[in-house]
Amino acid sequence: MNISQNAERSSPAGLRTERRIAWLTLIFGSAASAGAAFAGSRLWAAGLLIGAVLAWLNFRWLRRGLDALVAASAAQAGAEKPRVPLGAYFGALFRYGLIALSVYAIFKILKVPLASMVVGMCALAAAAIAASVYELWHSEG
């Protein structure tokens, strides 16, 4: 059984929330981008959408990294000194490095405003807040 199947069995609400955050990130980023395009700023619209997509990718990669850490900790259950796989550290550094390199390249080559991409990345935070409020509102307790 893989980690995703294990997560579904242990916390279906958590998995639904993760999925909700993922698609809300793209929806919020697309809506902000459409608003900027409608206002006449195509470069800002592009930056907002790029930032939202990068935030979505970061969220997906973060989940994979955490799944790997959970698998490693489950495999080492009972060990006196559990070890974090070297790949987990590399994955985190690679993820942030790749995002930073992408933002830099887009900023330099396409002349998309840096601030627009940073604001676009905030779509993930907005999605997490919206998903949390939804869960609180619809909680069974």
J.: Sort and list the pairs that fulfil side chain to side chain donor-acceptor pair (under 3.5 Å) and have at least one residue in residues 96-119, not counting sequence neighbours.
T.: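 Checked against side chain to side chain donor-acceptor pair (under 3.5 Å) - neighbours excluded - no pair reaches residues 96-119.
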J.: Are Leu26 and Ile99 linked, directly or through intermediate hydrophobic residues, by side-chain heavy-atom contacts shorter than 4.5 Å (ILVMFWY only)?
T.: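 They do share one cluster, since a chain of ILVMFWY contacts under 4.5 Å joins Ile99 to Leu26.
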J.: Can you name the residues that form a side-chain contact (heavy atoms from CB on, under 4.5 Å) with Leu49, not counting sequence neighbours?
T.: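 Counting only residues at least two positions away or on another chain, Leu49 forms a side-chain contact (heavy atoms from CB on, under 4.5 Å) with Ser30, Ser33.
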J.: Locate the shortest heavy-atom distance separating Thr25 from Ala52; write the atom from each residue and the value.
T.: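 Thr25 and Ala52 have their closest heavy atoms at CG2-O, 3.7 Å.
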J.: Run the side-chain contact (heavy atoms from CB on, under 4.5 Å) test against Phe28 and tell me which residues pass, sequence neighbours left out.
T.: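 In terms of side-chain contact (heavy atoms from CB on, under 4.5 Å), with neighbours along the sequence ignored, Phe28 is linked to Leu24, Ala123, Ala126, Ala127, Ala130.
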J.: If you count heavy atoms of other groups shown closer than 6.0 angstrom to CZ of Phe107, is the number above 12?
T.: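 It does not: Phe107 CZ has 12 such atoms or fewer within range.
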J.: Roughly how far apart are Leu57 CG and Leu62 CG, rounded to 0.5 Å?
T.: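 If we round to the nearest 0.5 Å, Leu57:CG and Leu62:CG are 12.5 Å apart.
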J.: What's the shortest heavy-atom distance between Val103 and Met117, and which atoms?
T.: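 Looking at all heavy atoms of both residues, the shortest contact is O-CE, 3.6 Å.
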J.: Working to the nearest 0.5 angstrom, can you tell me the gap between Arg60 CZ and Arg63 CZ?
T.: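 That separation rounds to 7.5 Å.
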J.: For residues 47-58, which residue pairs pass the side chain to side chain donor-acceptor pair (under 3.5 Å) check, not counting sequence neighbours?
T.: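 Residue pairs passing side chain to side chain donor-acceptor pair (under 3.5 Å), neighbours aside: Asn58-Arg95.
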J.: Only counting residues at least two apart or in another chain, list the ones meeting ring pair (Phe, Tyr, Trp, His ring centres under 6.0 Å) with Phe90.
T.: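 Scan of Phe90 (ring pair (Phe, Tyr, Trp, His ring centres under 6.0 Å), adjacent residues dropped) gives Phe94.
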J.: Starting from Ile109, can I reach Leu98 by hopping between I/L/V/M/F/W/Y residues whose side chains sit under 4.5 Å apart?
T.: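 Yes, Leu98 and Ile109 fall within the same hydrophobic cluster.
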J.: How far does CE of Met121 sit from CG of Leu48, to the nearest 0.5 angstrom?
T.: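 Between Met121 CE and Leu48 CG, I get 11.0 Å after rounding to 0.5 Å.
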J.: Side-chain heavy atoms nearer than 4.5 Å, only ILVMFWY residues, links allowed to pass through others: does that put Leu114 and Leu54 together?
T.: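 Leu114 and Leu54: one cluster.
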J.: Specify the closest pair of heavy atoms between Leu110 and Leu43, including all atoms of both residues, with the distance to one decimal.
T.: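 Residues Leu110 and Leu43, closest heavy atoms: O-CD2, 4.1 Å.
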J.: Give me the atom names and distance for the closest heavy-atom approach of Thr17 to Ala131.
T.: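 Where Thr17 meets Ala131 most closely, the heavy atoms are CG2-CB, 4.2 Å.
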J.: Tyr134: what forms a ring pair (Phe, Tyr, Trp, His ring centres under 6.0 Å) with it, not counting sequence neighbours?
T.: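 Applying ring pair (Phe, Tyr, Trp, His ring centres under 6.0 Å) to Tyr134 gives His138.
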